[in-house]
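Worth knowing before you read on, the calculation uses all heavy atoms, side chains too, and leaves out hydrogens, waters and symmetry mates.
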Amino acid sequence: MAIDATSFDVADTEANTARFGRMGSGPKASAYPKLHVAALAECGSHAITAAVLGSCRTGERTLVAGLTAGVGPGMLVLADAGLFSCELFDRFAATRAELAWRVGASVSIGHVRWLPDGSYQALIYAPGLSAGRRARLVEQAKAGHDVSAELVRLVRVVEYTVPDRNPDGELIVVVTTVTNPHDLPALALAEAYHQRWEEESALDEIKTDLRGRGEVLRSKTPDLVEQQMWGLLLAHYAIRALLLQAADPAGYDPDRMSFIKGLRIVRRQVTDQAAITP
């Protein structure tokens with residue numbers, strides 16, 4: 001599973017502007033108000049299984065926090081570095097799902113010990129701890145002493161590069177709650193994290209193929225805008241479910257099935273049915 005957020009242009013009315021807001025301000029404000037959507041997607045099928053709608057003035061992390069209701073045991077949840085915070089990571093970990101989230105260079109990680117697969121155990125810290133306090137906590141962990149769960153979380157870290165995608169050798173750092181490398185070796189975790197891009201493809205299917213490239217959600221009132229958005233999400237889910245039903249018996253990978261072809265088939269069927277309805 002992967003979590004991400006995106007925005008949709010909505011009709012330029014006073015009510016929509018008041019509810020959803022615009023990106024930027026003054027002369028640099030966006031031309032249209034924008035509905036912000038956070039989504040939880042199944043990477044293997046592109047099915048969006050949970051979503052939260054809100055204003056573009058709401059921070060992504062605040063909006064994404066509402067997705068925890070759709071997360072639970074048996075899931076591996078992926079997220080990009082822009083969503084990481086210790087608070088949000090802890091909130092998703094409390095669902096008992098496993099997490100694999102990329103972190104940026106600004107996130108402080110305390111190395112504890114190397115593991116056989118090249119990954120390592122480490123501490124991530126609650127906000128506000130001084131460098132000295134963080135160093136003492138690492139020493140306690142290295143010595144095998146208990147450390148306060150209110151101050152730190154023990155995680156496993158996998159670091160890797162993808163030279164053929166980035167010749168400059170950008171380091172990708174992923175922290176995971178799967179602390180035993182036998183359960184998810186470093187190479188397997190890196191391959192799994194790469195699947196996070198499938199959610200961006202799923203969101204693009206809605207924005208480009210289903211809604212229409214550059215189109216604006218036409219509803220004039222906030223409640224109807226949200227109704228239209230839920231309609232798009234449900235239609236996308238239904239088409240992806242149909243493609244999955246077609247792919248499984250044939251042994252195809254469902255995320256290789258063409259969404260646009262599935263959409264065209266459904267549209268033809270709907271049009272034909274409408275034509276003969278009295």
Q: Using side-chain contact (heavy atoms from CB on, under 4.5 Å) as the criterion, point out the one residue from Leu151, Val152, Val138 that pairs with Arg133.
A: Leu151

Q. Any donor and acceptor pair, going by atom type alone, linking the side chain of Asp80 with main-chain N or O of Gly82 inside 3.5 Å?
A. no

Q: Compare all side-chain heavy atoms of His194 with those of Val162 and state whether any distance is below 4.5 angstrom.
A: no

Q: Return the minimal non-hydrogen interatomic distance between Leu189 and Val174, and the atom names on each side.
A: CD2-CG1, 3.6 Å

Q. Which heavy atom in Val71 sits nearest to a heavy atom in Ala97, and how many Å separate them?
A. CG1-CB, 3.4 Å

Q: Please answer: with hydrophobic residues joined when any side-chain heavy atoms are less than 4.5 Å apart, are Met229 and Leu40 in the same cluster?
A: no

Q. Can you tell me how far the CD atom of Gln195 sits from the OG atom of Ser201, to the nearest 0.5 Å?
A. 10.0 Å

Q: Using the side chain to side chain contact (heavy atoms under 4.5 Å, CB included) rule, take Glu205 and Arg240 through it: C-alpha gap first, then chi angles, then the decisive distance, then the call.
A: CA-CA 10 Å; Glu205 288 167 359; Arg240 271 295 165 191; 2.7 Å; yes

Q: Could you grab the distance from atom CG of Asp209 to atom CD1 of Ile260, nearest 0.5 Å is fine?
A: 4.0 Å

Q. Heavy atoms, side chains only, cut-off 4.5 Å: are Pro254 and Leu243 in contact?
A. no

Q.
Quick check: do Thr177 and Phe89 have side-chain heavy atoms less than 4.5 Å from each other?
A. yes

Q) Between CD of Glu170 and OH of Tyr160, what distance do you get to the nearest 0.5 Å? A) 9.5 Å

Q) Are the side chains of Trp101 and Ile3 in touch, meaning some heavy atoms are under 4.5 Å apart? A) yes

Q.
Take a 6.0 Å sphere around OH of Tyr193 and say whether it holds more than 12 heavy atoms from other residues, nucleotides or ligands.
A. yes

(Q) Hydrophobic cluster membership, with links at side-chain heavy-atom distances under 4.5 Å among I/L/V/M/F/W/Y: are Leu76 and Val175 in one? (A) no

Q.
Looking at Arg218 and Ala11, would you say the former's side chain and the latter's main chain have a donor-acceptor pair under 3.5 Å?
A. no

(Q) Could you report the tightest heavy-atom contact between Phe92 and Ala65, atom names first, then the distance? (A) CE1-CA, 4.4 Å

Q: Considering non-hydrogen atoms only, spot the tightest contact between Met257 and Ala246 and give its length.
A: CE-CB, 4.1 Å

Q) Can you tell me if CG on Asp253 sees more than 12 non-hydrogen neighbours from other groups inside 6.0 Å? A) yes

Q. Does Lys34 use its side chain to pair, donor to acceptor, with the backbone of Thr6 at less than 3.5 Å?
A. no

(Q) Does Arg113 have more than 12 heavy atoms from other residues, nucleotides or ligands lying within 6.0 Å of its CZ? (A) yes

**Q.** Nearest non-hydrogen partners of Leu154 and Thr179, listed with the distance
**A.** O-CG2, 4.1 Å

Q.
A quick test of your reading: do over 12 heavy atoms of other residues, nucleotides or ligands sit less than 6.0 Å from CE of Met23?
A. no

Q. Could you walk me through whether Leu137 and Leu129 pass the side chain to side chain contact (heavy atoms under 4.5 Å, CB included) check?
A. CA-CA 10 Å; Leu137 288 167; Leu129 295 182; 3.8 Å; yes

Q) Do Val178 and Val173 share a hydrophobic cluster, counting only Ile, Leu, Val, Met, Phe, Trp and Tyr and linking them when any side-chain heavy atoms are less than 4.5 Å apart? A) no

(Q) When you compare the side chain of Asp223 with that of Arg19, does any pair of heavy atoms fall below 4.5 Å? (A) yes

Q.
Once rounded to the nearest 0.5 Å, what's the spacing between atom CD1 of Ile109 and atom CG of Leu123?
A. 10.5 Å

Q.
Within the supplied structure, the quantity of interest is the number of heavy atoms (other residues, nucleotides, ligands) at a distance under 6.0 Å from Arg57 CZ; does it exceed 12?
A. yes

Q) Can you tell me if NZ on Lys220 sees more than 12 non-hydrogen neighbours from other groups inside 6.0 Å? A) no

Q: Starting at CD1 of Ile124, measure out to CZ of Phe84 and round the result to the nearest 0.5 Å.
A: 4.0 Å

(Q) Check for me, please, whether Val77 and Leu67 land in the same ILVMFWY cluster - side-chain distances under 4.5 Å, paths through other members count. (A) yes

(Q) Using side chain to side chain contact (heavy atoms under 4.5 Å, CB included), reason through Ile265 and Arg268 one step at a time and then give a plain yes or no. (A) CA-CA 5 Å; Ile265 290 171; Arg268 284 199 298 269; 3.5 Å; yes

Q | NZ/NE/NH1/NH2 to OD/OE distance under 4.0 Å, Asp117 and Arg156 | A | yes

Q) Just wondering, more than 12 heavy atoms not from Tyr125 lying within 6.0 Å of its OH? A) yes

Q. If we only count heavy atoms from C-beta on, is the Glu200 to Leu203 side-chain gap below 4.5 Å?
A. no

Q.
I'd like to check Asp12 versus Arg22 (side-chain heavy atoms, cut-off strictly below 4.5 Å). Are they in contact?
A. yes

Q. Would a distance-only check, ignoring hydrogens and angles, find a side-chain to backbone donor-acceptor pair under 3.5 Å from Asp4 to Trp197?
A. no

Q. In Å and rounded to the nearest 0.5 Å, what is the CZ to CD1 distance from Arg267 to Ile239?
A. 7.5 Å

Q: Without swapping roles, check the side chain of Ser30 against the backbone of Tyr32 for a donor-acceptor pair under 3.5 Å.
A: yes

**Q.** Heavy-atom pair of closest approach, residues Glu199 and Ala39
**A.** OE2-O, 2.8 Å

Q | Ile206 and Ile48: CA distance, side-chain angles, deciding distance, side chain to side chain contact (heavy atoms under 4.5 Å, CB included) verdict | A | CA-CA 10 Å; Ile206 296 175; Ile48 293 175; 3.5 Å; yes

(Q) Is the shortest side-chain heavy-atom distance between Arg211 and Phe8 below 4.5 Å? (A) yes

Q) Going only through I, L, V, M, F, W and Y residues with side-chain contacts under 4.5 Å, is there a path from Val266 to Leu210? A) yes

